[in-house]
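Start at 1 with the first residue, then count along the sequence. Heavy atoms only: backbone and side chains are in, while hydrogens, waters and symmetry mates are out.
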Amino acid sequence: MEILNESIIVIVGAGIAGLSTSLALHRVGLKSLVLESSSSLRTTGFALATWTNAWRALDALGVGNALRQNSLQFSRFEVFSVKSGQLCADLSLNPNQKPEDYDSRCLRRSLMIEAIAKELPQGTIRLSSKVVSIQQSGPYKLLHLFDGCIIKCKVVIGADGINSVVAKWMGVEKPVDAKRSAIRGYVEFPEGSDFGAKFRLHLGGGVRLGILPCDHNSLYWFCTFTPADVHYALVDQDPMKMKQFVLDKAAKRFKEATDIIERTSPENISGARLSFRSPWNVLFGDIVKGNVCLVGDALHAMTPDIGEGGCSALEDSVVLARCLGEALSKAGGGEDCVVRSIEKGLRKYAKERRWRVFDLITTSYVVGMVQERNGNVITVLRDYWLAKRTIRTMLKRAQFDCGKLITKLN
């Protein structure tokens with residue numbers, strides 16, 4: 001068997017989790033190779049909410065300030081009832097607070113991917129490199145690629161999403177079908193949008209419609225729902241049918257929302273089923289196996305109800321790089337010492353992340369159930385009490401601080 005390439009740390013997947021982990025490792029002086037199965041960087045998904053915890057991580061990575069120039073900070077959260085049309089919660093925030101205290105925005109995914117990739121050393125990302133199998137070879141792992149190439153490495157980091165090849169090799173259970181779906185859209189206003197710096201939610205009737213400004217010229221929107229409750233399934237992925245569904249179920253009472261959905265081009269609308277990693281699987285399962293670990297959706301796929309999927313992936317990257325950097329900085333000479341230090345660093349990473357991601361997965365599931373569920377009792381509770389409470393729950397989870405990157409190996 002011929003081994004064509006060798007690398008100490010290999011990251012499988014060049015999404016947000018994979019690229020941010022590579023950059024975090026680079027900041028602490030560790031070189032990595034990122035393998036991406038696609039022929040180009042994945043910038044699908046339109047946009048994502050980035051809460052205070054995400055910006056703390058982006059600052060630790062050294063790209064926060066540049067990305068803030070291309071986004072709009074939220075100063076207000078509004079929640080409306082789809083059934084009655086009334087305003088259920090109006091939470092004003094202080095945009096003059098320091099970023100470390102409050103910083104919530106919606107950022108175009110392509111901007112984040114490009115900003116992080118730009119900071120990586122040349123040659124870090126290898127495109128069209130699909131991992132098909134993983135083989136043990138003493139203290140090393142051999143990654144077999146689709147093109148026949150074999151890469152030998154001391155550390156494997158799975159950042160390859162919800163259907164992770166690395167997670168499967170580790171024996172992690174498959175994600176759970178949430179029995180819900182999401183439709184997402186992105187719309188531009190070349191002449192400028194007057195939507196303002198607010199996050200608006202329309203809740204009830206079995207759906208959740210959210211509208212967020214990315215900047216002064218573009219908006220991102222999403223609609224999550226339970227197909228069994230509203231009798232709609234994403235079968236043919238027809239964007240015009242998806243648009244009409246959102247208009248009929250959530251936007252028809254609100255002229256501003258209707259105008260935004262109507263204006264969205266078909267090519268900027270997508271739909272998908274929702275899945276999540278069992279929180280018990282994360283809490284009690286093997287999320288680290290020797291010199292192999294997981295980050296991002298590969299570790300903690302969750303429903304999008306508190307907007308923490310991408311944010312927690314950024315947290316992962318900083319915590320993992322710090323744990324590995326600190327462990328390797330204290331490693332003695334010899335191959336065995338390095339191997340033990342790597343495993344020690346990964347175990348520390350798992351210990352730090354287990355309860356945090358368990359909390360995020362479970363909180364997201366519960367918030368989604370409360371905000372979306374149909375029924376007279378839950379509607380009254382949500383309209384008069386739970387609407388504001390769920391928003392405060394989101395903001396509370398976003399106050400997490402993943403820490404800094406201060407270790408620099410020689």
Side-chain angles (χ1 to χ4, degrees), residues 16 48-60 64 68 71-80 87-107 178 197-203 208 210-213 222 224 274 276-277 279-280 282-283 296-297 299-319 351-373 378 381-404:
I16 289 174
L48 71 159
T50 46
W51 307 112
T52 305
N53 56 319
W55 289 102
R56 287 170 178 165
L58 289 168
D59 285 337
R68 285 186 180 92
S71 58
L72 189 63
Q73 186 181 29
F74 305 143
S75 60
R76 191 184 202 120
F77 284 82
E78 296 178 344
V79 184
F80 288 85
L87 180 65
C88 304
D90 188 356
L91 185 62
S92 295
L93 299 164
N94 182 4
N96 296 319
Q97 287 179 289
K98 296 179 180 179
E100 58 266 27
D101 297 324
Y102 167 75
D103 200 353
S104 296
R105 305 162 187 262
C106 183
L107 191 63
K198 60 190 176 186
F199 184 147
R200 174 177 288 183
L201 274 172
H202 301 277
L203 306 177
R208 297 168 62 251
I211 304 173
L212 307 79
F222 62 83
T224 65
L274 298 178
F276 63 98
R277 184 76 72 197
W280 304 110
V282 172
L283 193 59
D297 282 348
L299 170 61
H300 48 64
M302 62 189 76
T303 58
D305 305 292
I306 59 173
E308 281 289 351
C311 301
S312 54
L314 293 167
E315 291 178 11
D316 293 340
S317 69
V318 175
V319 175
K351 183 178 180 181
E352 287 195 27
R353 296 304 291 161
R354 236 181 250 279
W355 279 104
R356 167 64 175 168
V357 297
F358 173 86
D359 178 51
L360 292 178
I361 294 171
T362 52
T363 300
S364 186
Y365 183 87
V366 172
V367 166
M369 181 179 66
V370 170
Q371 290 187 344
E372 188 176 296
R373 186 64 61 87
I378 190 65
L381 288 173
R382 183 175 52 235
D383 289 357
Y384 291 96
W385 182 58
L386 291 174
K388 180 176 289 188
R389 189 172 183 83
T390 53
I391 296 299
R392 291 193 181 279
T393 296
M394 293 166 61
L395 293 173
K396 183 177 179 180
R397 296 303 184 278
Q399 283 303 311
F400 182 85
D401 191 346
C402 61
K404 310 296 183 183

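A salt bridge between Glu308 and Arg397 is absent, with no side-chain N of the basic residue lying under 4.0 Å from a carboxylate O of the acidic one. The existence of a salt bridge linking Asp90 and Lys198 is excluded, since no basic side-chain nitrogen approaches an acidic carboxylate oxygen closer than 4.0 Å. Ion pair Glu372/Arg208 not flagged as a salt bridge, since none of the NZ, NE, NH1 or NH2 atoms sits closer than 4.0 Å to an Asp/Glu carboxylate oxygen.
Looking at every heavy atom in both residues, Leu87 comes nearest to Ala89 through CD1-O, 3.4 Å. Pairing each heavy atom of Thr303 with each of Ala178, the nearest pair is CG2-CB, 4.0 Å. When every heavy atom of Ser71 is checked against every heavy atom of Leu107, the shortest pair comes out as CB-CD1, 3.9 Å. Considering every non-hydrogen atom in both Gly403 and Val318, the closest pair reads O-CG1, 3.7 Å. The two residues Cys311 and Gly307 come nearest to each other via the heavy atoms SG-O, 3.5 Å. Pairing each heavy atom of Leu48 with each of Gly310, the nearest pair is CD1-CA, 3.9 Å.
Atom CZ of Phe74 and atom OG1 of Thr50 lie 7.0 Å apart (nearest 0.5 Å). The distance from atom CD of Glu315 to atom CG of Leu58, rounded to the nearest 0.5 Å, is 11.0 Å. In this structure, Ile306 CD1 and Ile391 CD1 are separated by 11.0 Å, a value rounded to the nearest 0.5 Å. With values rounded to the nearest 0.5 angstrom, Ser312 atom OG is found 11.0 Å from Asp359 atom CG. Distance check, rounded to the nearest 0.5 Å: OG1 of Thr363 to CZ of Phe358 gives 9.0 Å. Between the CH2 atom of Trp280 and the CD1 atom of Ile361 there is a distance of 11.0 Å, given to the nearest 0.5 Å.
Residues passing the side chain to side chain contact (heavy atoms under 4.5 Å, CB included) test with Pro304, sequence neighbours excluded: Arg184, Thr224, Leu274.
Counting heavy-atom neighbours within 6.0 Å of Arg373 CZ, excluding the residue itself, gives a total of 12 or less. Other residues, nucleotides and ligands contribute more than 12 heavy atoms inside 6.0 Å of the CZ atom of Phe400.
Between Thr393 and Val366, every side-chain heavy-atom pair lies at or beyond the 4.5 Å cut-off. Looking at heavy atoms from C-beta onward, Lys388 lies out of side-chain contact with Val79 at the 4.5 angstrom threshold. Side-chain contact check for His300 versus Arg356: every heavy-atom pair is 4.5 Å or farther apart. Leu283 places a side-chain heavy atom less than 4.5 Å from the side chain of Trp355. The closest side-chain heavy-atom distance from Arg277 to Leu299 is not below 4.5 Å. With a 4.5 Å cut-off on side-chain heavy atoms, Phe77 and Leu395 count as touching. Side-chain contact check for Leu381 versus Val370: every heavy-atom pair is 4.5 Å or farther apart. You'll find the side chain of Thr390 stays beyond 4.5 Å of the side chain of Leu201, heavy atoms only.
Counting only distance, with no hydrogens or angles, the side chain of Ser317 and the backbone of Leu314 share a donor-acceptor pair below 3.5 Å. Between the side chain of Trp55 and the backbone N or O of Gly64 there is no donor-acceptor pair closer than 3.5 Å. Side chain of Trp51 to main chain of Met394: no donor-acceptor pair is present (N/O by atom type, distance under 3.5 Å, no hydrogens or angles). Between the Thr52 side chain and the Gln399 main chain, no donor and acceptor come within less than 3.5 Å of each other. With hydrogens and angles ignored, the 3.5 Å screen pairs a side-chain donor or acceptor of Asp316 with a backbone N or O of Gly296.
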